[in-house]
Amino acid sequence: MKKNYLELKNITKTYGNVVAVNNFSLSVDEGELVSLLGPSGCGKTTLLRSIAGFETVDSGEIVVDGKLINNVPPEKRDVAIVFQSYALFPHMTVFENVAFSLMIKGVPKAEQEKVVLPLLEMLKISNLKDRYPRQLSGGQQQRVALARALAKSPKILLLDEPLSALDAKVREEIRVEIRRVQKELSMTTIYVTHDQAEALSISDRIVVMNAGTIQQIGTPVEIYREPKNLFVANFVGVANIFFGEVVNGKFKWENYEFEISNPNVLGKYVLAVRPEMMKISKEKMHKNAFKAIVDVTTFLGSFARMTLKAFNNLIQVDLPIEIAKEFEKGDEVYVYFEGQDTLLIKE
């Protein structure tokens, strides 16, 4: 049975008059990967640095494996951190970079190899062990930085936006590697990112943050399908937002009434519908249909995203490419969705 391995209890951190983290509490299970997701300045990196010991919290407790570590210096916290800048030693080879924590402890070379070589193999960089950082690509450098952190056999692995400097294809490859290695080692991991696609794909749970506070904690599916407020709905994925009210079991928006997933509420609400749940047609084919004008169609590889205008709203609809080709800019169409695919958020 898994146990709470890392506990953050009522953490608050301020910089002058700025509250970076406000009464933040989180429990992380042993072997779990939890992402801190939010915009720049929301406090996620401050939390990570506090766990590592590089920042001192104003109040609250940081507990690892049942032990309070607030006053434990960084080098004794048994925590490893991977920065977005990699921070590799330019004068050391890949092997020497990864083995650094062992070298400074005086571990013999033969023992270093027993730790380092399997890590290089695991991260698919064993053929690079004699190269220097300047001879490596960004993705290869990131793998080295990860291997160096793992060589310490830390209790907790901290990743601070580790993929932000990489191009899209390499970022996806390294993301898969991080998840594979994390699962293989059952390493308790905190992953900081502002990229919602990254958080959705790699996490066991996600903590959505804004202005130093928790907006929602949940699995990727829960965060995407059941956002608790408008900030989460807008920040995680794309959502079409309609402001209106529920009357007699239907959602009233402009001069339309929509069937919804939860008709047993009353009052002002925000209705959110994901683009992939929207459909369009040239004729009115559904009770939840409303008129819109085609504006822009964007090709996104496996699908097309169509942007339409309806009243003062921009509506986004994800469509198969062949269907999107049937419509042109300026076409008047009907946009519709199923009531079961709606998200109601209290305004």
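Computation of the quantities below employed the complete heavy-atom set of this structure, encompassing side-chain atoms and omitting hydrogens, waters and symmetry-equivalent molecules. Given the structure is predicted, the values throughout are model-derived calculations rather than measurements.
For the atom pair Tyr132 OH and Leu88 CG, the distance stands at 13.5 Å (nearest 0.5 Å). To the nearest 0.5 angstrom, Arg131 atom CZ is 12.5 Å from Thr93 atom OG1. Of the inter-residue distances, the one linking Ser25 atom OG with Glu7 atom CD reads 10.0 Å to the nearest 0.5 angstrom. Ser35 contributes atom OG, which lies 12.5 Å from atom CE of Met209 (distance to the nearest 0.5 angstrom). The CG atom of Leu200 sits 7.5 Å away from atom CG of Leu37, with the distance rounded to the nearest 0.5 Å. Once rounded to the nearest 0.5 Å, the distance linking CG of Asp78 with CG of Asp65 reads 9.5 Å.
Nearest heavy-atom pair, Asn210 versus Cys42, reported as atom, atom and distance to 0.1 Å: CA-CB, 4.0 Å. Pairing each heavy atom of Ser201 with each of Arg175, the nearest pair is OG-NE, 2.9 Å. Of all non-hydrogen atoms in Thr193 and Ala199, the two that sit nearest each other are CG2-CB, 3.9 Å. Between Val236 and Arg274 the shortest heavy-atom distance is O-NH1, 2.9 Å. Between Asn262 and Leu344, the shortest heavy-atom contact is O-CD1, 3.5 Å. Considering all non-hydrogen atoms of both residues, Ala149 and Ala80 come closest at O-CB, 3.5 Å.
Side-chain N or O atoms of Asn240 include one that pairs as donor or acceptor with a backbone N or O of Val273 at under 3.5 Å. Here the side chain of Gln182 pairs a donor or acceptor atom with the backbone of Met187 at under 3.5 angstrom. Here the side chain of Gln196 pairs a donor or acceptor atom with the backbone of Gly237 at under 3.5 angstrom. The backbone N or O of Glu276 sits nowhere less than 3.5 Å from a side-chain atom of Gln316 that would complete a donor-acceptor pair. The backbone N or O of Leu33 lies less than 3.5 Å from a partner atom in the side chain of Asp204, making a donor-acceptor pair. Side-chain atoms of Asn288 never come within 3.5 Å of backbone atoms of Glu338 as a donor-acceptor pair (strictly under, hydrogens ignored). In this structure a side-chain-to-backbone donor-acceptor pair under 3.5 Å is present from Lys13 to Thr56. The closest donor-acceptor contact from the side chain of Glu111 to the backbone of Pro108 lies at 3.5 Å or more, if one exists at all. When atom types are taken as modelled, the side chain of Thr342 and the backbone of Ser261 share a donor-acceptor pair closer than 3.5 angstrom. Between the Glu113 side chain and the Ala110 main chain, no donor and acceptor come within less than 3.5 Å of each other.
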Apply side chain to side chain contact (heavy atoms under 4.5 Å, CB included) to Val170 and Gln142, showing your working. CA-CA 10 Å; Val170 176; Gln142 189 56 273; over 6 Å; no
Might you work through the side-chain hydrogen bond (donor to acceptor under 3.5 Å, both in side chains) test for Glu198 and Tyr191, ending with a clear yes or no? CA-CA 10 Å; Glu198 200 169 281; Tyr191 191 104; 2.8 Å; yes
Could you go step by step and tell me if Glu96 and His91 meet the side-chain hydrogen bond (donor to acceptor under 3.5 Å, both in side chains) rule? CA-CA 9 Å; Glu96 291 167 341; His91 61 287; over 6 Å; no
Val64 vs Arg77, test: side chain to side chain contact (heavy atoms under 4.5 Å, CB included). Steps then yes/no. CA-CA 9 Å; Val64 176; Arg77 288 200 177 192; over 6 Å; no
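For the side chain to side chain contact (heavy atoms under 4.5 Å, CB included) test with Asn234, the passing option among Val270, Ile241, Asn229 is Ile241; the others fail.
Scanning for ring-ring contact (aromatic ring centres under 6.0 Å, His included) contacts around Tyr256 gives an empty result, with sequence neighbours left out. Residues satisfying the salt bridge (charged side-chain N to carboxylate O under 4.0 Å, His left out) criterion with Lys169, sequence neighbours excluded, are Glu173. Residues forming a side chain to side chain contact (heavy atoms under 4.5 Å, CB included) with Gln112 (at least two apart in sequence, or on another chain): Phe95, Ala99, Leu102, Met103, Val107, Lys109. Residues passing the salt bridge (charged side-chain N to carboxylate O under 4.0 Å, His left out) test with Glu322, sequence neighbours excluded: Lys325. Partners of Lys346 according to the side chain to side chain contact (heavy atoms under 4.5 Å, CB included) rule, which considers only residues two or more places apart in sequence or in another chain, are Tyr269. Every side chain to side chain contact (heavy atoms under 4.5 Å, CB included) that Ser126 has, sequence neighbours left out, goes to Leu120, Glu121.
Contact annotation: the side chain of Leu146 approaches that of Leu157 to within less than 4.5 Å [non-hydrogen atoms, C-beta and beyond]. Val98 has its side chain within reach of Val144: a pair of non-hydrogen atoms, C-beta onward, lies under 4.5 Å apart. Contact annotation: the side chain of Ile178 approaches that of Leu163 to within less than 4.5 Å [non-hydrogen atoms, C-beta and beyond]. Under the 4.5 Å side-chain criterion, counting only non-hydrogen atoms from C-beta, Lys291 is in contact with Tyr334. Side-chain contact between Asp331 and Ile293: absent, with no pair of heavy atoms (C-beta onward) separated by less than 4.5 Å. Between Phe327 and Val317 the shortest side-chain heavy-atom distance does not fall below 4.5 Å. With a 4.5 Å cut-off on side-chain heavy atoms, Thr297 and Phe299 do not count as touching. Side-chain contact check for Asp295 versus Leu308: every heavy-atom pair is 4.5 Å or farther apart.
Residues Leu150 and Ile190 fall into different hydrophobic clusters, defined by Ile, Leu, Val, Met, Phe, Trp and Tyr side chains chained together at heavy-atom separations under 4.5 Å. Val192 is connected to Phe83 through a chain of hydrophobic side-chain contacts under 4.5 Å among Ile, Leu, Val, Met, Phe, Trp and Tyr, so both are in one cluster.
Pairs engaging residues 208-233 under the salt bridge (charged side-chain N to carboxylate O under 4.0 Å, His left out) rule: none recorded [sequence neighbours left out]. Among pairs with a residue in residues 141-165, those fulfilling salt bridge (charged side-chain N to carboxylate O under 4.0 Å, His left out) read Arg143-Glu177, at least two apart in sequence or across chains. Sequence neighbours left out, the pairs with a member in residues 207-244 that pass ring-ring contact (aromatic ring centres under 6.0 Å, His included) are Phe231-Phe235, Phe242-Trp253, Phe242-Phe290.
Within 6.0 Å of CG in Asn255 there are more than 12 heavy atoms belonging to other residues, nucleotides or ligands. The neighbour count for Glu328 CD, taken as heavy atoms of other residues, nucleotides or ligands under 6.0 Å away, does not exceed 12. Within a 6.0 Å radius of CD in Glu75, more than 12 heavy atoms belonging to other residues, nucleotides or ligands are found. For Asn127, the CG atom is densely surrounded, since the number of other residues' heavy atoms within 6.0 Å is greater than 12.
In the hydrophobic clustering, where aliphatic and aromatic side chains (Ile, Leu, Val, Met, Phe, Trp, Tyr) are joined below 4.5 Å either directly or transitively, Leu343 stands alone. Clustering of Ile, Leu, Val, Met, Phe, Trp and Tyr by side-chain heavy atoms under 4.5 Å joins Met92 with Phe89, Phe100, Ile104. Val238 belongs to no hydrophobic cluster, as no Ile, Leu, Val, Met, Phe, Trp or Tyr side chain comes under 4.5 Å of its own.
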